[in-house]
There are 2 protein chains.
Amino acid sequence: MSYETQPIVDRIKEARQAKSMSQRELSKLAGVPQGQISRIESNAVDLRLSSLIAIANALDLELALVPRKAITAVQSITRQTTDHRPPQYPAIGKELSHMQMALRSLRTQSLAIAQADEFQKALASLNTLSIPTDYLAQIRNVRKAVEQITKSQNQMKAITDATKAITYLRNNIAHSTTTQIRNVPPKPAYSLEEDDDA
Amino acid sequence: MSYETQPIVDRIKEARQAKSMSQRELSKLAGVPQGQISRIESNAVDLRLSSLIAIANALDLELALVPRKAITAVQSITRQTTDHRPPQYPAIGKELSHMQMALRSLRTQSLAIAQADEFQKALASLNTLSIPTDYLAQIRNVRKAVEQITKSQNQMKAITDATKAITYLRNNIAHSTTTQIRNVPPKPAYSLEEDDDA
DNA sequence: ACATCTGATATATAATTGTATATAAAAAAT
DNA sequence: ATTTTTTATATACAATTATATATCAGATGT
């Protein structure tokens, strides 16, 4: 739509994808219909301020008016507090995404908030590494375990167990990659899909 | 209108008033009708993103999406780069406002950009002081001179002269107020009008 | 008293939004 | 493998709402 709105709209879309949320999931959190989010992200509409604020807040973002003089400083801070994930093999990336989704749906049900926070930290730590495909099977197992937590009798224990598994994995990977140089995920030179972030 | 939009809308209004712009003046700069600005500032509409961006930019503000973790830091920077004017006697405040208005309208006509910048700096420096009413007459004279610049033959000289006058005034005032303690402008305990900033 | 500038408002038009549904892609199951 | 089910995004249409144009009433200053 309007040329000036593009950067804001793009940042919304990137933020949602960085959290590996679906439009529908964001829709529920923000109270904005999924169809509307679709139109917004494709920049087909000039959305209203209330919608923008609702969506931004659902993504843990705040809308701010920054003096022109201060924008470089603000951008710098924003970059620092935004986590940049390293590239991952697609299969690995999916497993990580699914774990984050499972964690979020857990948060809406379970009361084990502190444990969920711990798990989130462990997962974030794992997310800083480029993970070799060797670990795919192990990660998949952890993911399945995480997705079962909901149905578990003792959710608290199930979460802490998962956290331990993740932490263990992370340490293994970190160690192996520092010892021997691993090849980095493929990173195709071009992609037929729209690319996530430059 | 919507309760969440209020803070943003308020900041827009404050920014406009801080620059002592009229809604019409902002309207021309932003390309948004004055009537619309009126409705926006009274929070009677849920404005569209393109309007918000246009208005913000006209006020030298940038719309930014800030991670929740970073908002305190951003607010801190924003406060630092936003100039807090000291209270002024109403008559003095009006003179200062009129000079800023004159300067802006000058910018749209004259090519003396560097000189205008100099003048703006001098004016900003004067604006940091709480000015005693003793100087009203002098300030008024300068203001009238500034308002005549448009019609002047040699605009460059007229501007630099005005800058000198302002700087001179500023130094006088700064000296007199440090030497002998002056009483600060009235600051009524309550006001029947809406108040500018807390 | 008059001219000018301020912010507010009525109306027509154009656009977003909500509801519901469609299409496409991915996962699961047989 | 192929069919079925689920999930993810896109779109059609009606209702609601913002926006532009024009005009208004009030304040301010000359």
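Just so we're on the same page: letters track the sequence lines, and every chain starts at 1.
- Atom CD1 of B:Ile139 and atom CD1 of B:Ile173 lie 5.0 Å apart (nearest 0.5 Å).
- The hydrophobic clustering, which links ILVMFWY residues whose side-chain heavy atoms are closer than 4.5 Å, places B:Ile71 and B:Leu61 apart.
- Using a 4.0 Å cut-off on heavy atoms, none of the residues of residues 136-145 of chain B approach DNA chain D.
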**Study point:** A:Glu118 vs A:Thr163, side-chain hydrogen bond (donor to acceptor under 3.5 Å, both in side chains): CA-CA, chis, key distance, verdict
**Key:** CA-CA 7 Å; A:Glu118 284 302 311; A:Thr163 305; over 6 Å; no
Shorter than 3.5 Å, N or O on both sides, protein versus nucleotides 8-11 of chain C: list them out with atom names.
unit_1, atom_1, unit_2, atom_2, d
C:dA8, OP2, B:Ser38, OG, 2.8
C:dA8, N7, B:Gln34, NE2, 3.0
C:dA8, N6, B:Gln34, OE1, 2.5
C:dA10, N6, B:Arg39, NH1, 3.2

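- For the pair B:Lys94 NZ and C:dT6 P, the computed distance is 13 Å after rounding to whole Å.
- You'll find the side chain of A:Tyr89 stays beyond 4.5 Å of the side chain of A:Leu136, heavy atoms only.
- Rounded to a whole Å, the NZ atom of A:Lys28 is 12 Å from the C1' atom of D:dA8.
- Rounded to whole angstrom, the span from the CE atom of A:Met21 across to the P atom of D:dA8 amounts to 12 Å.
- Side-chain contact between A:Gln34 and A:Ser38: present, with at least one pair of heavy atoms (C-beta onward) separated by less than 4.5 Å.
- Residues A:Ile37 and A:Glu41 have side chains in contact (heavy-atom distance under 4.5 Å, counting atoms from C-beta outward).
- Distance A:Glu25 CD to D:dT7 P: 12 Å, rounded to the nearest Å.
- Residues A:Val146 and A:His98 are not in side-chain contact: their nearest non-hydrogen atoms beyond the backbone lie 4.5 Å or more apart.
- Using a 4.0 Å cut-off, some side-chain N or O of A:Ser22 falls inside it from OP1 or OP2 of D:dA8.
- Using modelled atom types, one finds a donor on one side chain and an acceptor on the other under 3.5 Å when comparing A:Thr5 with A:Asn43.
- In summary, of the residues considered (A:Gln88, A:Lys144, A:Arg143, A:Gln138), a side chain to side chain donor-acceptor pair (under 3.5 Å) with A:Glu95 occurs for A:Arg143 alone.
- A salt bridge is absent between B:Glu25 and B:Lys19; no separation between the charged side-chain nitrogens and carboxylate oxygens falls under 4.0 Å.
- Residues from residues 43-56 of chain A that place a heavy atom under 4.0 Å from any atom of DNA chain C, listed by number: A:Val45, A:Asp46, A:Leu47, A:Arg48, A:Ser51.
- By the 4.5 Å heavy-atom criterion applied to side chains, B:Ile166 and B:Met99 are counted as neighbours.
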